Chemist: 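So that we are looking at the same thing, I have put the structure below in C-alpha cells.
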Amino acid sequence: MSRFWSPVVHDLTPYVPGEQPKLAKLVKLNTNENPYPPSPRVVEAIRAELGEDGDRLKLYSDPTGAQLKAAVARHFDVPDDWVFVGNSSDEVLAHTFQALLKHDAPLLFPDITYSFYPVYCGLYDIDFEAVPLDAQFAIQVDDYIARGADRVGAVIFPNPNAPTGRLLPLADIARVATALPDAPIVIDEAYVDFGGLDVIPTAVALIRRHPNILVTQTLSKSRSLAGLRVGFAIGQPELIQALTRVKDSFNSYPLDRLALVGASAAMDDEAWFHTTRRQVIASRNALSASLSGLGFEVLPSAANFVFARHPTRDAAALAAALRERSIIVRHFKAARIEQFLRITVGTDAQCALLVDALKDILA
Ligand SMILES: *Cc1c(COP(=O)(O)O)cnc(C)c1O
C-alpha cells in the first residue's frame, strides 16, 4: 500500500508464476517448459540477425511483426490478416481480455482453470462467473449454453484445460460457438500441440465457420521457447483488428528483432516441431502409466503435464518430499484440487528420476 499508487493497484491480486529457481541440478517439472532445446534454426536466425556487431539492434523492430505473422499463417494455412502476434501468449491474452471479453453480461470460464484469467478480470474490471467442471474435472459445454445467449458476455477456457490436462472435443467447441453466436469464444491452446500424435485438435479448424472463435497459442511449450516470449492469436479479421487496436494503444513494438526472427524460424521448422512434440507425448503416456502403477489417480492428459492425486498421501507433503530430492513439481492450494500434483513431462530420464523418487517416498 502506498499513497503514490493509482487506486486500481490497491485492489489487484497479481498472478503468482511457478518458481524459477536459481539452483542448477534441479529436476524442474513445475512450469511446463519443454525438456528439449528449440529448433537449431532458431539459434541460426538469431545469430544472423545479431550479425557481427549487433548493429541492427539500433533500429526498431517491425511493429506489425509481418514476417512472424506470415510464418504462423503458413503453418495453419490461413491468411496473414487472420493472425495477431504478441510478446508471449499472456500478453495476447491480456489484450484479448481488454479487447473482446468485457461486456454487460459476465465472462464465463471454468472454476478450475488458468489462474491468470481472474487476474486479468481484476486488472480490466471485467465481471466474470466461474462455471464448475464436472466430477471428472471435465468442461461441460451445456453448462455454458444453458445460461442463455443473452446472459453470456463471452467465454474463455484453455483446451486442453490447465491444470487438469483434459481435452474437450472440437465438436463441443463448435456447439458452444453456435449456441452463443454473439459471444466471443476464446480457446487458449497453450498445450494443444500435445493433444494428438498425427492430428493436432486445434480449433483453428473451426474459425472459418465460426466468426466468434479466437484461438490463442504460445511458442513457450511445444516450440521450447518460453524464454523468447512469443505468442499469437488466430481468428477472423474482425477479432484480430480489435487486438491490434489495443496493442497499438499499448506498445507499438511488442516483439524485439531477435524474437521475431527466432519465432519465425521455429514456426517454419515443422520436422523439429513434430519430432519433439511426439517425443513428449510418448513420455507423457509412459509417465501416466507409471504413476497409475504407483497407485495415483491420473487424469487423462492431452498436454505436456499430468495432473495426479494419490488416494492416501497428502499432495503438499509429497511435493515437499520431492523437493528434498531436488525435484520440483507444482501444487495448487485451491479448492477441489489441493490433493493433486501437476507434473511437467520431462525427458524420459527426468521422468524416471521422478518415478523412482515417488516409489521411495511412498515406500
Ligand atoms: C503457459 C500458458 C500460457 C502462457 O504462455 P506464455 O506465452 O509463456 O505467456 C497461457 N495459457 C496457459 C493455459 C498456459 O499454461
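Residues take their numbers from the sequence shown, with the count starting at 1. Only a predicted model underlies this, so the values are computations on that prediction, with no experimental measurement involved.
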Chemist: Are the side chain of R284 and the backbone N or O of A303 linked by a donor-acceptor pair below 3.5 Å?
Modeler: yes

Chemist: Using a 3.5 Å distance criterion without hydrogens, assess whether the side chain of S89 forms a donor-acceptor pair with backbone atoms of V92.
Modeler: no

Chemist: Could you check whether D90 and Y114, counting side-chain N and O atoms only, form a donor-acceptor pair closer than 3.5 Å?
Modeler: yes

Chemist: Check whether NZ of the Lys or CZ of the Arg R223 lies under 6.0 Å from the centre of the six-membered ring of W272 and within 45 degrees of that ring's axis.
Modeler: no

Chemist: Are the charged groups of R56 and E49 less than 4.0 angstrom apart, N to O?
Modeler: yes

Chemist: Any Lys/Arg nitrogen of K247 or E91 sitting under 4.0 Å from an Asp/Glu carboxylate oxygen of the other?
Modeler: no

Chemist: Would you check if M267 and L219 make a side-chain contact, meaning some heavy-atom pair closer than 4.5 Å?
Modeler: yes

Chemist: Is L322 linked to F296 within one hydrophobic cluster, defined over Ile, Leu, Val, Met, Phe, Trp and Tyr using a side-chain heavy-atom separation of less than 4.5 Å?
Modeler: yes

Chemist: Should the pair D268-R41 be classified as a salt bridge under the 4.0 Å nitrogen-to-oxygen rule?
Modeler: no

Chemist: Kindly confirm or rule out a cation-pi arrangement of R342 over F305, judged by NZ or CZ under 6.0 Å from the six-membered ring centre and within 45° of its axis?
Modeler: yes

Chemist: Between L167 and A302, which heavy-atom pair has the shortest distance, and what is it?
Modeler: CB-CB, 3.6 Å

Chemist: Quick check with a 6.0 Å cut-off and a 45 degree axis cone: is R277 positioned over the face of F273's six-membered ring?
Modeler: yes

Chemist: Tell me, with the steps shown, if Y253 and Y60 meet ring-ring contact (aromatic ring centres under 6.0 Å, His included).
Modeler: CA-CA 7 Å; Y253 307 95; Y60 280 106; 4.4 Å; yes

Chemist: Do you know which two heavy atoms are closest between A177 and N212, and how far apart they sit?
Modeler: O-ND2, 3.0 Å

Chemist: Begin with the C-alpha distance, continue with both residues' side-chain angles, and end with the deciding distance and a verdict on side-chain hydrogen bond (donor to acceptor under 3.5 Å, both in side chains) for Y191 and N32.
Modeler: CA-CA 9 Å; Y191 301 105; N32 299 342; 2.9 Å; yes

Chemist: What are the two closest non-hydrogen atoms of V345 and S283, and how far apart are they?
Modeler: CG1-CB, 3.6 Å

Chemist: With heavy-atom distances below 4.5 Å as the criterion, would you say the side chains of F232 and K69 are in contact?
Modeler: no

Chemist: State the CG-CG distance between D182 and D150, to the nearest 0.5 angstrom.
Modeler: 10.0 Å

Chemist: Quick one: does any side-chain atom of Q236 pair with a main-chain N or O of R208 as donor and acceptor, under 3.5 Å?
Modeler: yes

Chemist: Ion pair present between R175 and D142, side-chain N to carboxylate O less than 4.0 angstrom?
Modeler: yes

Chemist: So, the side chain of N30 versus the backbone of I328: is there a donor-acceptor pair under 3.5 Å, distance only?
Modeler: no

Chemist: What pair of heavy atoms forms the shortest contact from P163 to I337, and how long is it?
Modeler: CG-CD1, 4.2 Å

Chemist: Going by atom types alone, do Q350 and K28 pair a side-chain donor with an acceptor below 3.5 Å?
Modeler: no

Chemist: Looking at D55 and K58, does any basic side-chain N land under 4.0 Å from a carboxylate oxygen?
Modeler: yes

Chemist: Is there a side-chain contact between T218 and V230 in this structure, where contact means two heavy atoms from C-beta onward sitting under 4.5 Å apart?
Modeler: no

Chemist: Would you check if D143 and P132 make a side-chain contact, meaning some heavy-atom pair closer than 4.5 Å?
Modeler: no

Chemist: Evaluate the ring planes of Y15 and F116, with Trp represented by its six-membered ring, and classify them as parallel (under 30°), tilted (30 to 60°) or perpendicular (over 60°).
Modeler: parallel

Chemist: Testing the 3.5 Å rule here: is there a donor-acceptor pair between the side chains of H331 and E338?
Modeler: no

Chemist: Check for a donor-acceptor pair, side chain of D269 on one end and backbone N or O of S39 on the other, with a separation under 3.5 Å.
Modeler: no

Chemist: Of F157, Y124, F97, F128, which is the lone residue that meets ring pair (Phe, Tyr, Trp, His ring centres under 6.0 Å) with Y117?
Modeler: F97

Chemist: Identify the two heavy atoms, one from L353 and one from V27, that lie closest to each other, and give their separation to 0.1 Å.
Modeler: CD1-CG2, 3.8 Å

Chemist: Roughly how far, to the nearest 0.5 Å, is the CG atom of L291 from the CZ atom of R309?
Modeler: 14.0 Å

Chemist: Charged N to carboxylate O below 4.0 Å: is that the case for R325 and D360?
Modeler: yes

Chemist: Taking S61 for its side chain and L255 for its backbone only, find out whether a donor-acceptor pair lies under 3.5 Å.
Modeler: yes

Chemist: Without hydrogens or angle criteria, can the side chains of N161 and T113 be said to hold a donor-acceptor pair below 3.5 Å?
Modeler: yes

Chemist: What's the shortest heavy-atom distance between R313 and Q339, and which atoms?
Modeler: O-OE1, 3.9 Å

Chemist: Taking V43's backbone N and O only, do any of them form a donor-acceptor pair with R47's side chain (distance below 3.5 Å, no angle check)?
Modeler: no

Chemist: Between F307 and F340, how do the two ring planes meet: parallel, tilted or perpendicular, split at 30° and 60°?
Modeler: parallel

Chemist: Look only at the side chain of D134 and the backbone of A138, and say whether a donor-acceptor pair between them is shorter than 3.5 Å.
Modeler: yes

Chemist: Are R336 and D111 within salt-bridge range, i.e. N to O under 4.0 Å?
Modeler: yes

Chemist: Answer yes or no: is there a donor N or O on one side and an acceptor on the other, between the side chain of S88 and the main chain of R229, under 3.5 Å?
Modeler: no

Chemist: Any side-chain heavy atom of P118 within less than 4.5 Å of one from F109?
Modeler: yes

